[in-house]
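Below is one structure, written out as structure tokens, with a few remarks after it.
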Amino acid sequence: EGWMDDIRSGLDEERIERATVFGVADGANASLLLAATYPERVERLILHRPFQKAGRVDDALEWVRQVREHWGEREFLTGIARHLNPQLAEDEEYLDWFVWNHRQSSSPASAAEYWRMQAATDITDIVGAVRVPTLVTAIADDRDGIDLAAKLPSGTCVVYPGSGASPFQAAVVEAVLAFVRGEAARPVPDTVLATVLFTDLVGSTAIA
């Protein structure tokens, strides 16, 4: 919700009433929540490798422990880099950039908290509330992302070759450009995601 509000604040700051929003991984989840909650602000939605729910909790917590203990170590960070983009596994310039970027962006504690947040993510109940035209880009074995696209009322999925997580691959760029150029803007959906909270305080009548 905090990330969603950051996006909305950015749109307000730039005086953009309605935009095409592009989100990657957990950023895609925040963008999806924005489209469900404020459909009048989102013209189109592009989600690159989104995930509906994190994996097993035990595995996630073990990973959080490793992040806290080894964050900043070159071998640990290059391992993440190679996992995310195996097609760049031998690209020393990419590896150097990845290590520098992650050392500068997070302390071990904040990195662990970030991964803990990812482990707690679950947007399965929100997906069906999105009514804006949506493009999902995913690799062939990304069953979670492909399944998410199938649940979207106005969703299209493009499966691109390879295994890298980077959104800057040629097949992804081509799919995004085709989607933006070929999909005409639609009217604002008449449904939004909302939460109703009912509270019943025990003994409130006697207290009053």
Check your understanding: Can you name the nearest heavy-atom pair linking Val132 to Ala35, along with the distance?
Key -> CG2-CB, 3.9 Å
Exercise for review: Report the C-alpha distance between Val202 and Asp200 in whole Å, list the side-chain angles of each, state the deciding distance to 0.1 Å, and finish with yes or no for side chain to side chain contact (heavy atoms under 4.5 Å, CB included).
Suggested key: CA-CA 6 Å; Val202 176; Asp200 183 15; over 6 Å; no
Check your understanding: If Ile, Leu, Val, Met, Phe, Trp and Tyr residues are connected whenever their side-chain heavy atoms lie under 4.5 Å apart, and connections chain through other members, are Leu77 and Trp100 in the same group?
Key -> no
Check your understanding: Is there side-chain contact between Val21 and Arg44, with at least one heavy-atom pair below 4.5 Å?
Key -> no
Review point. With distance as the sole test, does Asn85 use its side chain to make a donor-acceptor pair with the main-chain N or O of Ala165 at under 3.5 Å?
Key: yes
Point to revise | Min side-chain heavy-atom separation Tyr160-Glu174 under 4.5 Å | key: no
Review point. CG of Leu152 to CG of Asp147: how many Å apart, nearest 0.5 Å?
Key: 10.0 Å
Check your understanding: Step by step, would you call Asp26 with Phe51 a side chain to side chain contact (heavy atoms under 4.5 Å, CB included)?
Key -> CA-CA 7 Å; Asp26 41 16; Phe51 60 94; 4.2 Å; yes
Practice item. Compare all side-chain heavy atoms of Arg131 with those of Pro39 and state whether any distance is below 4.5 angstrom. Key: no
Check your understanding: Do Ile126 and Val42 share a hydrophobic cluster (ILVMFWY, side-chain heavy atoms under 4.5 Å, transitive)?
Key -> yes
**Study point:** Heavy-atom closest contact (Thr124 atom, Gln52 atom, distance)
**Key:** CG2-CB, 3.8 Å
Review point. Taking C-beta and beyond as the side chain, do Phe98 and Ile80 meet within less than 4.5 Å on heavy atoms?
Key: yes
Exercise for review: Could you tell me how the ring of His70 sits relative to the ring of Phe76: parallel (under 30°), tilted (30 to 60°) or perpendicular (over 60°)?
Suggested key: tilted
**Study point:** Distance in Å, Ile46 CD1 paired with Leu32 CG, rounded so as to fall on 0.5 Å steps
**Key:** 13.0 Å
**Study point:** Side-chain heavy atoms of Val173 within contact of Leu177, under 4.5 Å
**Key:** yes
Exercise for review: Would you check if Arg68 and Trp115 make a side-chain contact, meaning some heavy-atom pair closer than 4.5 Å?
Suggested key: no
Practice item. Quick one: list whatever passes side-chain hydrogen bond (donor to acceptor under 3.5 Å, both in side chains) with Ser31, sequence neighbours left out. Key: none
Practice item. Output the distance between atom CD1 (Ile146) and atom CZ (Arg49), rounded to the nearest 0.5 Å. Key: 10.0 Å
Practice item. Can you see which heavy atom on Gly128 is nearest to which on Pro153, and at what distance? Key: O-CG, 3.8 Å
Point to revise | CZ-CZ distance between Arg41 and Arg18, expressed to the nearest 0.5 angstrom | key: 11.0 Å
Check your understanding: Is His83 atom NE2 crowded by more than 12 heavy atoms from other residues, nucleotides or ligands, each under 6.0 Å away?
Key -> no
Revision key, fill the gap. Residues at least two apart in sequence or cross-chain that pass salt bridge (Lys or Arg N to Asp or Glu O under 4.0 Å) with Asp144, listed by chain then number, are none
Practice item. Test Trp3 against Met117 for side chain to side chain contact (heavy atoms under 4.5 Å, CB included), laying out the working first. Key: CA-CA 12 Å; Trp3 286 12; Met117 177 202 68; 3.8 Å; yes
Check your understanding: Got a second to check how far Tyr114's OH is from Ser107's OG, nearest 0.5 Å?
Key -> 14.0 Å
Check your understanding: How about Phe168 and His48: are their ring centres within less than 6.0 Å of each other?
Key -> no
Check your understanding: So which heavy atom on Pro50 is nearest to which on Ala28, and how close?
Key -> CB-CB, 3.8 Å
Point to revise | Partners meeting salt bridge (Lys or Arg N to Asp or Glu O under 4.0 Å) with Glu1 (sequence neighbours left out) | key: none
**Study point:** Atom pair OG1/CZ of Thr78 and Arg82 - distance to nearest 0.5 Å
**Key:** 4.5 Å
Review point. Do Glu17 and Glu40 touch side chain to side chain, with heavy atoms closer than 4.5 Å?
Key: no
Practice item. Could you walk me through whether Ser154 and Thr134 pass the side chain to side chain contact (heavy atoms under 4.5 Å, CB included) test, one step at a time? Key: CA-CA 6 Å; Ser154 300; Thr134 304; 5.6 Å; no
**Study point:** Min side-chain heavy-atom separation Arg8-Leu34 under 4.5 Å
**Key:** yes
Revision key, fill the gap. The single option from Leu135, Leu45, Thr137, Val158 that satisfies side-chain contact (heavy atoms from CB on, under 4.5 Å) with Phe179 is Leu135
Point to revise | Shared hydrophobic cluster for Leu193 and Ile7 (ILVMFWY, side-chain gaps under 4.5 Å) | key: yes
Point to revise | Same apolar cluster: Leu88 and Trp97, side chain cutoff 4.5 Å | key: yes
Revision key, fill the gap. Of all heavy-atom pairs linking Ala89 and Leu95, the shortest is O-CD1, 3.5 Å
